[in-house]
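Only one structure is covered here, and it is reproduced in the block below.
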Amino acid sequence: MSVKLGVPSKGRLMEKTFDWFGARGVRLALSGSEREYAGAVEGVDGLELVLLSAGEIPRELAAGRIHLGVTGSDLVREKLGAWDEQVAELEPMGFGHADLVIAVPKAWVDVSTLDDLDAVAAAFRARHGFRLRIATKYHRLVREYLREHGVADYQLVDSQGATEGTVKNETAEAIADITSTGETLRANHLKVLAGGPVHRSQATLFKSRKARWSEADRAVLSELKARLGIRD
Amino acid sequence: MPEAAAIRDEAARLLAFFEGRGAVRVETPVLQPAETLLDLYGEDIRGRAYVTSDPVVGEAMLRPDFTVPVVQMHMERGAEPARYTYAGEVFRKQEEATHRAPEYLQVGYEVFDRADPAAADAEVFSLIAEALGPLGLRAATGDVGLLIAAISALTTTERRKAALLRHLWRPRRFRTLLDRFSGRAPAPPGRAELLARPDPMACDAPLVGLRSEAEIAERIEALREDAAAPPIPDNEVRLLADLIGLRETVDNIAEHLQDLAVDMPAIAPAVSRFIARAEALAARGVDISRLDFEGSYGRTSLEYYDGFVFGFYAESRPDLPPVATGGRYDALTRVLGQGSEIPAVGAVIRPELALQVVEGRA
């Protein structure tokens, strides 16, 4: 048996992951044609590369079908309940930075904090007869964050894309989405609430707590960690 | 863990017990329309209930409690007064690592009766106590009605009172607001600066979305009112803290509350209700000199209790949730009754916990 390392199967996230491992003496590469989604590892014996969609890596880690995986810290927290019982963070990788933020219309001059959002949600519900809508695809993260901060009288509406447009289209009053530069928010006349993001995400190397780790697998992990400069 | 069959038997025994005391047995569907529950509990319930979808009904939830469907059923077609009992599964998703059961049986007893609320409170409490009698459980009680009365009596704006009442069930947020309204914590950053602008409404971006300019202007007016409002007086904050912090037996507390009512006359009616209830409990043979009262009890449960609240705990098993919980929920009948309302009080028992306590003692 070998230790399976799940890595995003395409795009910049894949390239950056390959670069990150490469800079630490572990060469990851696609084997065969670029469309084949098979990979090879040089530098650590007993490590097998598995190419997967970044969004599926949390689930595969939690199911124990892969031992290690690279994905966004936001995806792990969103997709896994009690995530830290299922996976452990081995190392933040310093790329793929994105903040999950809550944004409201910039013209809401009276709203700059969660506190304001909560007060506005109460007034909005009283006037419109339904709970203030926040469009997002990060349901768990946003709900837990708003509960922790005591925000009530809102509802989450699912938005899997073009989330910034939902306010103008009047299918939501506010949004919660990933942003790296804030450009799209500005273009849609939205502003970010003060007080820090819901979550500061970056690409992270995770270890599965649910996979079977044989004696030999542990030895491979130790060698890999030594190579990557990850302390216990 | 007790066997499933044994838990069912215990549920049947409890159901028969309540039927024997004159309750009418009722059933409610497992699938509940999600909208009602979401509007009532807010988005948080999504994290705690199993949500599913039906092509015709739309979003539905696996019954997270019986109270809501029983109230709805009663408001639609119940005769008054009414006493109901039921037994069945409730479903609670455990997102956090609590390792609690996601599905368990509840047996409940609910009273809809206008005649004598204090007597109805005492009736529900003492029937639950009797049903669980041999287990030697400790009962804790509280009174959300006292807290509501004390908040409503504060010398401050209606908006501030409404904000405090709205967050009564979120103790941390409540504390933050109370600190701010009493001048112990500063206003949120940016607020004074906004109000000082010559035209606070001015903005270099167009207004998008459903919330209108009038609504924004209205909120700015509300912020002005709030900025001008004097802090809630220190002595009132102290009295409220005193009330929330109370931990005493019911008979000792009665005297203490009467003292508080001298300084805070607006809570006198709520204090009278408390005393009437204490007398009704004593009349039913409950030893109120050994019955605990906690001022903040019931503040972290589902937010529909607005009067008497109580729970029964196994002191030998502090790891277990309460074996039974209950309380008064008049306001819930107002919300669900679409114009009508009726005083209501009820409680549920978890039969598998009762059996676990028995096993622990064997």
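Below, chain A is the first sequence line, B the second, and so on; all start at residue 1.
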- Message: Could you tell me if the side chain of B:Arg211 sits less than 4.5 Å from the side chain of A:Val104, heavy atoms only?
- Response: no
- Check whether any side-chain heavy atom of A:Asp115 lies under 4.5 Å from a side-chain heavy atom of B:Arg191, and answer yes or no. yes
- Message: Between A:Ala122 and chain B, with a heavy-atom cut-off of 4.5 Å, which part of the residue counts as in contact: side chain, backbone, both or neither?
- Response: both
- Query: Which heavy-atom pair separates A:Lys106 from B:Cys203 by the least distance, and what is that distance?
  - Reply: O-SG, 3.6 Å
- Less than 4.5 Å apart, any side-chain heavy atom of A:Val109 and any of B:Ile216? yes
- Side chains of A:His149 and B:Thr176: closer than 4.5 Å at any heavy-atom pair? no
- Going by heavy atoms in the side chains, are B:Asp44 and A:Glu144 under 4.5 Å from each other? no
- Query: What part of A:Asp84 is in contact with chain B, defined as an atom under 4.5 angstrom from a non-hydrogen atom: side chain, backbone, both or neither?
  - Reply: neither
- Item | A:Glu173, part contacting chain B, at a heavy-atom distance under 4.5 Å | side chain
- Message: Once rounded to the nearest 0.5 Å, what's the spacing between atom CH2 of A:Trp108 and atom CG of B:Leu207?
- Response: 9.0 Å
- Just how far is it from atom CD of B:Glu43 to atom CD1 of A:Ile134, taken to the nearest 0.5 Å? 8.5 Å
- May I ask you to test the A:Arg131-B:Leu38 pair for a side-chain heavy-atom distance under 4.5 Å? yes
- Query: Non-hydrogen atoms of chain A under 4.5 Å away: do they reach the side chain of B:Leu210, the backbone, both or neither?
  - Reply: both
- Query: Would you say A:Asp118 and B:His167 make side-chain contact, with heavy atoms under 4.5 Å?
  - Reply: yes
- Item | Selection from B:Arg197, B:Met201, B:Arg180 maximising heavy-atom pairs under 4.5 Å formed with chain A | B:Arg180
- Side chains of A:His139 and B:Arg46 in contact at under 4.5 Å (non-hydrogen atoms): no
- Quick one: what part of A:His128 sits under 4.5 Å from any heavy atom of chain B, side chain, backbone, both or neither? side chain
- Query: What part of B:Ala202 is in contact with chain A, defined as an atom under 4.5 angstrom from a non-hydrogen atom: side chain, backbone, both or neither?
  - Reply: backbone
- Given a strict heavy-atom distance threshold of 4.5 Å, which part of B:Pro206 is in contact with chain A: side chain, backbone, both, or neither? both
- Item | Side chain, backbone, both or neither of B:Glu213 within contact of chain A (heavy atoms, under 4.5 Å) | neither
- Non-hydrogen atoms of chain B under 4.5 Å away: do they reach the side chain of A:Arg186, the backbone, both or neither? neither
- For the atom pair CZ (A:Phe124) and CZ (B:Arg219), what is the distance rounded to the nearest 0.5 Å? 14.5 Å
- Query: Are the side chain of B:Arg172 and the backbone N or O of A:Glu148 linked by a donor-acceptor pair below 3.5 Å?
  - Reply: yes
- Item | Distance, nearest 0.5 Å, that separates CZ of A:Arg143 from CZ of B:Arg48 | 10.0 Å
